Amino acid sequence: MSVWDDLDLLLDSPSSLTVTSNTRGTVKDKANFKVEADVSAIRKAIEGIGTTEKTLIEVLTQRSNAQRQLIAQAYEKATGRKLVADLEGDTQGDFEDVLVALVTPPAVYDCQEVIKAIKGAGTTETTLTEIFASRSNRQIKALSEAYLAETGKAMIQDLQSEVAGDYGKALLILAEGKREESTNVDTAKAKADAKAMYNAGEKKWGTDEGKFIDILCHRSIPQLRQTLVEYKTISKKTLQESIESEMSGDLEELLVAVVKCVKSVPLYLAERLFKSMKGVGTTESTLTRIIVGRSEIDLLDIRVEYKKLFGGSLYSQLESEVSSSYGNTLKNLCGQD
C-alpha cells in the first residue's frame, strides 16, 4: 500500500494550502536583527579579495525573507549597487542561484521560475505542475501580480501560448488562482462529484477528462478531501489510482499532483525532493526552489514526511548529494532533525 492510499486521517489534518501561519517553517525572523551590521558583513564578504562565501551563507540563511529585503535596500543605499547584481557577479552556478533566490521576494521568485519554465525551447511542464498544484490562491495571485510587474504581460496570456490540450486547460484554471475557498463541506456534492468522476473514467470506455479537470481544479481543499473519501467508497480504488490508470502524460502528472496536494503539500514536496536527488545527477533547480520556497511555510513538515517516506532525514540526504557552499546553504536552510 502506498502512503498516498491512506485516507483515514485526511479530513482532520491541516493543509498548507489553507493555513496562513508560518510556524512550520525552518527560517524565522532573526531576533535583534541589525541591518547595518549585516550590510557591512556582506560588503566585506563581497568586496574583499575573493568572496567569503561562509559569511554570505550565515547572514542570508539566518534571516527571514522580509529581513533580507531590508538588507538589500540598505545595501543599495550604501553602495549604489544592487545586492542581487553583486551576488550574481561574485558567485556562480547553483550557489549563485540559491543566494539570488534567498534575496528575492517569494512571489517574484515563483514568477521567475514560471518565466524560466516557459521561456526558451520547449516548456518545462514539471515545474509548472509543481508550482500551480502546490500554491494557494493567495500565492498564485501574488505570483500573477509579480509576473505582470516583471514582464509587463499577463501571466495567463503567456501561459496560453505555451500549454495546450487538456493539460493546458487544467493548468490555466489553476493559474487563475480562483479555487473555491469555503471551509464548509457539502457531503452530498462530494458524493455527486465522486460519482461523476467515476462515471467519466472507470465506468466508461474512454475517459472524459473534462469532468476530472472541472472538479479537481475548482473545488475547495476540504471539499475535495471529502470527495476523495467518497470516491474510494464507490470505486474501491483511490482517485489517484484511477487517474494513473485512465490518463497519461502531462495531464496525468498534473491531476495526480493536485490530488496529492489536496492530501498533503509537504508529502508531495518531500517526494519531489527525493526524486530530484535520486538516480544519476541531482536536479538542483528543484532542490533550490522547494527548500528556499518552503523555508518559511512548511519545511518542518516536509522534513517529517521525508523521514517517514524514505527512512533517512532530508538533511543527511542533502549531505550526501550536494556539496560545497551550495550544499551548505541548503543544509543551513533545512536544519537537522
Side-chain angles (χ1 to χ4, degrees), residues 16 22 25-30 38 42 45-46 51 53-73 75-76 81-120 124 126-128 130-132 134-135 139-140 142-143 145-147 149-151 265 269 272-273 276-277 282-300 302-303 314-315 318 321-335:
S16 301
N22 58 358
T26 52
V27 172
K28 308 265 193 284
D29 277 331
K30 183 184 193 302
D38 285 349
I42 289 176
I46 289 179
T51 303
E53 300 188 341
K54 197 165 166 288
T55 306
L56 295 178
I57 297 170
E58 276 170 10
V59 174
L60 295 176
T61 58
Q62 290 167 33
R63 310 293 182 272
S64 66
N65 193 283
Q67 290 174 329
R68 291 180 213 126
Q69 299 315 312
L70 297 172
I71 292 171
Q73 286 161 15
Y75 184 91
E76 190 173 345
R81 302 185 308 267
K82 287 203 181 299
L83 178 56
V84 166
D86 279 1
L87 291 172
E88 286 172 343
D90 269 42
T91 57
Q92 51 201 358
D94 297 317
F95 182 51
E96 174 193 329
D97 292 343
V98 74
L99 293 183
V100 168
L102 285 170
V103 298
T104 305
V108 177
Y109 178 52
D110 265 354
C111 142
Q112 289 168 352
E113 289 293 294
V114 169
I115 292 170
K116 249 185 267 174
I118 60 181
K119 221 174 56 183
T124 319
T126 48
T127 304
L128 296 177
E130 177 203 299
I131 290 176
F132 289 109
S134 66
R135 302 299 189 262
Q139 288 171 309
I140 290 173
L143 148 62
E145 284 162 9
Y147 193 99
E150 287 282 292
T151 64
V265 174
L269 294 173
R272 290 274 301 154
L273 285 171
S276 71
M277 292 187 273
T282 301
T283 317
E284 284 85 359
S285 55
T286 304
L287 278 185
T288 299
R289 183 174 55 249
I290 296 175
I291 290 177
V292 172
R294 308 308 288 194
S295 60
E296 292 183 50
I297 302 173
D298 53 8
L299 191 48
L300 286 174
I302 292 172
R303 275 179 12 190
L314 175 57
Y315 188 91
L318 289 170
E321 293 294 331
V322 285
S323 57
S324 66
S325 294
Y326 173 63
N328 291 338
T329 307
L330 292 185
K331 285 185 297 189
N332 260 19
L333 291 168
C334 170

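The structure displayed is predicted, hence computed values, not measured ones.
A heavy-atom distance below 4.5 Å is not found between the side chains of Glu321 and Leu330. Using a 4.5 Å cut-off on side-chain heavy atoms (C-beta onward), Arg294 and Val265 make contact. Using a 4.5 Å cut-off on side-chain heavy atoms (C-beta onward), Ile291 and Ile302 make no contact. Side chains of Leu287 and Leu318 form a contact here, defined as non-hydrogen atoms less than 4.5 Å apart. Counting heavy atoms from C-beta on, the side chains of Asp97 and Glu284 never come closer than 4.5 Å. Side-chain contact between Ile71 and Val59 is present, with heavy atoms from C-beta onward closer than 4.5 Å. Contact annotation: the side chain of Leu87 approaches that of Ile46 to within less than 4.5 Å [non-hydrogen atoms, C-beta and beyond].
Annotation: the span from Ile297 atom CD1 to Ser134 atom OG amounts to 8.5 Å, rounded to 0.5 Å. The distance from the CG atom of Asp298 to the CG atom of Leu269 is 6.5 Å, given to the nearest 0.5 Å. For the atom pair Asp90 CG and Phe95 CZ, the distance stands at 10.5 Å (nearest 0.5 Å). Separating the OG1 atom in Thr91 from the CG atom in Leu56 is a distance of 7.5 Å, to the nearest 0.5 Å. For the atom pair Asp94 CG and Ser325 OG, the distance stands at 11.5 Å (nearest 0.5 Å). Here CZ of Arg135 is found 8.0 Å from CG of Leu143. Values are rounded to the nearest 0.5 Å.
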Stepwise side chain to side chain contact (heavy atoms under 4.5 Å, CB included) test for Thr124 and Lys116: CA-CA 8 Å; Thr124 319; Lys116 249 185 267 174; over 6 Å; no
Evaluation steps, side chain to side chain contact (heavy atoms under 4.5 Å, CB included), between Tyr75 and Arg81: CA-CA 7 Å; Tyr75 184 91; Arg81 302 185 308 267; 3.3 Å; yes
Full working for side chain to side chain contact (heavy atoms under 4.5 Å, CB included) between Leu273 and Thr286: CA-CA 7 Å; Leu273 285 171; Thr286 304; 5.6 Å; no
Residue pair Thr127, Arg289: steps toward the side chain to side chain contact (heavy atoms under 4.5 Å, CB included) verdict: CA-CA 10 Å; Thr127 304; Arg289 183 174 55 249; 3.4 Å; yes
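For Lys82, the NZ atom counts as loosely surrounded, since its 6.0 Å shell holds 12 or fewer non-hydrogen atoms of other residues, nucleotides or ligands.
Looking at Glu150, its side chain never comes within 3.5 Å of a backbone N or O of Cys111 through a donor-acceptor pair. Of the possible donor and acceptor atoms, none in the side chain of Tyr326 sits under 3.5 Å from a partner among the backbone N and O of Gly93. Panel note: side chain Arg303, backbone Leu314; no donor-acceptor pair is recorded below 3.5 Å. A donor-acceptor pair under 3.5 Å is absent between the side-chain atoms of Arg63 and the main chain of Lys30, judged by distance alone. A side-chain donor-acceptor contact under 3.5 Å links Arg68 to the backbone of Leu102. Between the side chain of Thr26 and the backbone N or O of Leu333 there is at least one donor-acceptor pair closer than 3.5 Å. A donor-acceptor pair under 3.5 Å is formed between the side chain of Gln69 and the backbone N or O of Val103.
Smallest separation of non-hydrogen atoms from Ala101 and Thr288: CB-CG2, 4.2 Å. The two residues Leu83 and Ala72 have their closest heavy-atom pair at CD2-CA, 4.0 Å. Heavy-atom minimum distance, Gly25 versus Leu300: O-CD1, 3.4 Å. Leu128 and Ala117 get closest at one heavy-atom pair: CD2-CB, 3.8 Å. Summarising the geometry of Ala107 relative to Ala146, their closest heavy-atom pair is O-CB, 3.8 Å, with the distance given to 0.1 Å. Considering all non-hydrogen atoms of both residues, Asn332 and Gln62 come closest at ND2-NE2, 4.0 Å.
Between the side chains of Asn65 and Tyr109, no donor-acceptor pair of N or O atoms lies under 3.5 Å.
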